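Index from 1, following the sequence. In each ligand, atom 1 is the first atom listed, and ligand 1 is the first ligand listed. If you're wondering where the values come from, they're calculated on a predicted model, not measured in any experiment.
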Amino acid sequence: MFIYYELLYENITKFLTICCRTGVQAELVLGTIARKAQETADSHGHYLEDRVSFSEDKLMDTESKAVMMAWEKPLMEAHAKAICARGGHILNIGFGMGLVDTAIQQYNPVSHTIVEAHPEVYDRMLRNGWGEKENVKILFGRWQDLLPQFGCYDGIFFDTYGEYYEDLREFHQHLPKLLRPGGVYSFFNGLCGDNAFFHVVYCNLVSLELENLGYATQLIPLPVKDCLAEDVWAGVRHKYWQLDIYYLPVCQYLDDTE
Ligand SMILES: C[S@@+](CC[C@H](N)C(=O)[O-])C[C@H]1O[C@@H](n2cnc3c(N)ncnc32)[C@H](O)[C@@H]1O
């Protein structure tokens, strides 16, 4: 009986591995097709031109989709801890509710650059005094347009809204210029956060793509079930996260000499 279960378990594991590999391969092929299609379309929709609304526990767009939610606070704190591990110069892309930036400030970095593209989010940052913090530099605009103004950083966090996997991938192409050797890069890993299977596919895909760029990615499991009370999604049109474990990416340059 025991041998039977062991065999069954082994075969299920093999099957899931094959499914996942097939998923990654399919995404690689379909991603190439999507990239081609996107070249002819304007991918950067209307979010940045539309109004947003703030409440205590969320930031919403005009379609009642959540741009950012307070339940992510512990995740943002964990991201901040990871990217501030070496202190120094920190870059964060996407201010949202300022959760990750508030956590970054606790580590007192030498410099803390924040990139934000939405005019109302930017205004709110200024009203809340972010422009007066000594070590903070705010860059207003889309990261894509501000790239020439970026420096070199010890820690980088990326978390935008209204963008696609292609944009994240494009950002990754710039990492070698932006991240100092030994620095830490992380991003909000909400990739297909409403589907366990595709989430695993995307976790594998992004790790593989970062590896091709010379980065090793560790995915640190963080249980999030307790952060998601029943009423968290009240009034939100899309539950962008439905999984019990969040895999926090910690990416570092693969140094062969180490
Ligand atoms: C999910 S929120 C970030 C939440 C943030 N990590 C926090 O802790 O509150 C995404 C933010 O990225 C901004 N954003 C969207 N596209 C952007 C772009 N291309 N460049 C810079 N910021 C962008 C949005 O306006 C929004 O404020």
Side-chain angles (χ1 to χ4, degrees), residues 38 42-84 90-107 109 112-128 130 136-150 153 155-174 178 185-191 193-194 222 224 227 232 236-241 246 248-249:
Q38 210 172 298
D42 179 15
S43 66
H44 304 286
H46 307 290
Y47 158 72
L48 293 173
E49 287 132 44
D50 282 347
R51 303 295 310 259
V52 288
S53 56
F54 293 91
S55 63
E56 209 174 288
D57 62 347
K58 50 186 148 348
L59 165 59
M60 305 268 271
D61 71 6
T62 44
E63 294 172 6
S64 298
K65 289 195 200 135
V67 177
M68 183 61 185
M69 297 178 79
W71 71 263
E72 289 185 37
K73 188 168 178 254
L75 303 183
M76 292 300 134
E77 288 169 350
H79 278 291
K81 188 176 178 189
I83 61 161
C84 294
I90 305 296
L91 170 69
N92 172 44
I93 301 192
F95 181 79
M97 292 172 74
L99 301 179
V100 82
D101 290 296
T102 302
I104 290 169
Q105 277 293 297
Q106 318 251 300
Y107 295 92
H112 175 180
T113 303
I114 308 172
V115 180
E116 175 52 52
H118 197 289
E120 284 179 81
V121 178
Y122 173 66
D123 278 355
R124 194 167 187 263
M125 286 172 80
L126 297 184
R127 273 186 278 118
N128 288 340
W130 282 89
V136 170
K137 179 179 173 187
I138 304 173
L139 297 176
F140 173 56
R142 292 170 65 235
W143 64 265
Q144 294 88 336
D145 303 328
L146 293 167
L147 278 164
Q149 294 183 43
F150 292 172
Y153 305 92
I156 300 178
F157 183 57
F158 183 96
D159 181 13
T160 61
Y161 178 78
E163 297 199 321
Y164 298 91
Y165 183 69
E166 291 312 312
D167 299 284
L168 179 69
R169 177 189 266 143
E170 188 196 328
F171 182 73
H172 290 168
Q173 304 299 318
H174 300 284
L178 302 177
Y185 165 66
S186 191
F187 58 92
F188 176 65
N189 188 5
L191 301 165
D194 54 358
L222 300 177
V224 286
C227 307
V232 155
V236 179
R237 213 176 102 191
H238 174 59
K239 282 191 193 181
Y240 61 87
W241 187 265
Y246 176 78
L248 186 143

Is S186 reaching over with its side chain to a backbone N or O of F157, donor-acceptor style, under 3.5 angstrom? no

Part of M97 with heavy atoms under 4.0 Å of ligand 1, whether side chain, backbone, both or neither: both

Would V121 count as a polar contact of ligand 1, with the cut-off being nitrogen or oxygen pairs under 3.5 Å? no

Test your reading of the structure: does D159 have an N or O sitting under 3.5 Å from an N or O of ligand 1? yes

Please identify each residue that fulfils side chain to side chain donor-acceptor pair (under 3.5 Å) with R127, with sequence neighbours left out. none

Enumerate the atoms of ligand 1 whose separation from the nearest heavy atom of M76 is less than 4.0 angstrom. 6 (N), 8 (O)

What part of E72, side chain from CB on, backbone N/CA/C/O, both or neither, has a heavy atom under 4.0 Å from ligand 1? neither

Please round to the nearest 0.5 Å and tell me the distance separating atom CG of L75 and atom CG of D159. 10.0 Å

Would you mind running through ligand 1 and noting each atom that sits below 4.0 Å from a heavy atom of Y161? 10 (C), 12 (O), 15 (C), 16 (N)

Contact between ligand 1 and A103 is defined here as a heavy atom of the residue under 4.0 Å from a ligand atom; is it met? no

Side chain or backbone of F188 under 4.0 Å from ligand 1, or both, or neither, by non-hydrogen atoms? neither

Taking atom types as modelled, find out whether H172 and Y185 have a side-chain donor-acceptor pair closer than 3.5 angstrom. yes

Using atom types as modelled and distance alone, determine if a side-chain donor or acceptor of H79 lies under 3.5 Å from a backbone N or O of F158. no

Could you list the residues that satisfy salt bridge (Lys or Arg N to Asp or Glu O under 4.0 Å) with E56, not counting sequence neighbours? none

